[in-house]
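Keep in mind that the numbers below use all heavy atoms, side chains included, and drop hydrogens, waters and symmetry copies. Order of listing sets the numbers, starting from 1, for every ligand and every atom in it.
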Amino acid sequence: MNVLFVAAEVDPFIKTGGLADVAGALPAALRARGHDVRVVMPRYRVLREKGVAMDGPIAASFLTIGEQSEEQRVWRTTDGPTPTYLLDIPAAFERSAIYGEQDDHRRFILFARGVMDLMQHLREVDGWQPTIVHCHDWHAALVVNYIKTTHAYTFGHVGTVFTIHNLAYQGACPPTTAALAGLSSGEMIEQRMGPRIAGAFNFMARGIFYSDIVSTVSPTYAEEVMTGEYGEGLDALLRGRRNRFAGILNGIDTTLFDPSTDPRIAAPYDATDPSGKAACKAALQHELGLTEDASTPLIGIVTRLVEQKGLDLLEQVMPWFLRETGAQLVLLGSGNAHWEGVFRWHAASYPQRVHAHIGFDAALAQRIYAGSDMFLMPSRFEPCGLGQMIALRYGSVPIVRATGGLSDTVQEGYEGNGFRFHPYEAQHFADAIARALVAYTTEGWALLRQRGMREDNSWAHAASLYEQLYAGARRS
Ligand code: ADP
């Protein structure tokens with residue numbers, strides 16, 4: 001199959017969260033299964049600054065937006081595992097920010113327009129057409145809308161899959177955006193939207209409405225988002241698509257995330273011989289100025305500091321954690337200034353037990369996965385979660401709230417691989433940490449850790465499930 005993958009962030013070029021991991025790894029896994037997969041993403045300024053090698057421009061055009069038009073040039077790179085087209089639209093991407101700009105809706109209309117022009121170019125000049133266009137999250141959603149409406153004559157036969165990585169980010173903007181995008185106002189979609197979000201032009205709603213198949217990144221999250229509690233106002237729209245809506249767990253890149261070969265960690269190890277992990281822990285304690293003691297449990301957390309990630313629960317359990325346990329805590333994250341301050345303050349107050357590194361640091365993240373005994377993810381909601389899967393592979397036992405993909409990947413009990421709690425309350429979170437700390441002192445700990453390390457969370461399995469989805473999208 002020919003597959004065009006459309007995403008706003010793709011590892012190794014640019015990464016702010018799990019979407020980039022998926023957009024980096026899934027195309028590679030599908031290519032390994034014999035498909036001609038190509039990726040398209042924006043050419044952010046930072047790609048140039050990082051020195052990503054680019055050929056081109058291979059195409060150039062003007063993109064219509066409202067009454068205006070903007071220049072686009074298309075570049076190609078083979079620096080990543082999958083051939084990737086980079087859309088160079090100066091009006092949208094020649095700036096330092098990735099997201100969070102006032103004009104994000106305009107930027108990603110331009111992106112979708114640019115993808116349509118690229119598809120035309122590939123068809124006319126290279127004779128290449130996708131069998132499937134696979135769009136990810138709201139930034140890419142309008143591509144599906146264009147394919148099924150304005151561009152149906154040329155591309156209506158192309159199968160479309162729209163994957164929701166996080167329903168909380170929908171790209172909601174003023175109703176006038178429809179005219180800017182050259183699309184109809186979408187009453188049919190609006191009727192299905194909850195009252196809280198109705199009235200806006202909603203990129204994600206359009207992706208859900210127009211794609212042949214909708215998917216999200218875990219079976220539990222798929223069920224959850226069809227309810228009012230998790231549906232963010234789009235639950236009715238999703239329920240209406242129940243028969244064409246699937247949840248497929250993400251994998252992890254098991255070559256990149258492999259403690260036996262990872263050059264970023266202090267010593268190699270694996271499930272059969274985990275002895276190197278002790279060296280990783282000692283190195284981490286040393287690096288961060290924590291008390292250097294092999295028997296003190298070390299708990300890690302690597303996260304965006306946003307409400308979704310359950311940081312209010314962590315904030316609430318900190319006094320208990322510091323008073324009642326002797327454990328150490330290492331936090332790596334950035335985001336909300338309140339939590340940056342809270343964890344900096346704890347770190348300053350207890351420098352030998354708590355370390356907070358505010359920032360984004362992929363190498364330190366690996367040293368934390370490798371050097372910690374346990375890993376926290378008390379998320380309010382979690383579409384899939386990659387952190388717990390990376391932690392499992394590095395032998396850091398996950399302590400999670402049982403929601404979304406965390407619920408699908410972490411089980412507690414005799415044959416389990418971690419610790420879980422469900423009610424979103426600090427007491428339940430503290431209890432789960434306490435259970436983990438007790439288990440840490442028992443002989444069973446090594447086995448529990450080993451079960452997690454032996455799990456196969458590679459992309460190969462997920463890729464085979466996506467193949468089935470693609471077959472369904474073609475049939476429709
Ligand atoms: P989300 O996509 O919601 O942020 P995931 O758990 O799916 O959450 O993916 C997060 C990914 O980003 C993981 O690979 C995690 O290690 C990484 N990550 C998150 N915050 C940081 C940070 N501050 N520094 C380095 N890596 C981070």
Problem set entry | Shortest non-hydrogen contact from L47 toward P42 | CD2-O, 4.1 Å

For this session: Fit a plane to each ring of Y466 and H134, take the angle between them on a 0 to 90° scale, and name the class: parallel (under 30°), tilted (30 to 60°) or perpendicular (over 60°).
Result: tilted

For this session: State yes or no: are the ring centers of Y169 and H139 separated by less than 6.0 Å?
Result: no

For this session: Report yes or no: does Q308 contribute a side-chain atom to a donor-acceptor pair with the main-chain N or O of F381 at less than 3.5 Å?
Result: yes

Exercise. Does a donor on one side chain sit under 3.5 Å from an acceptor on the other, for Q427 and D431?
Worked result: yes

For this session: Using atom types as modelled and distance alone, determine if a side-chain donor or acceptor of S396 lies under 3.5 Å from a backbone N or O of M374.
Result: yes

Problem set entry | For ligand 1, the residues whose heavy atoms come within less than 4.0 Å (ordered by chain, then number) | K15, G17, G18, D21, V302, T303, R304, K309, L332, G333, G359, F360, D361, A362, A365, Y369, M377, G385, L386, G387, I390

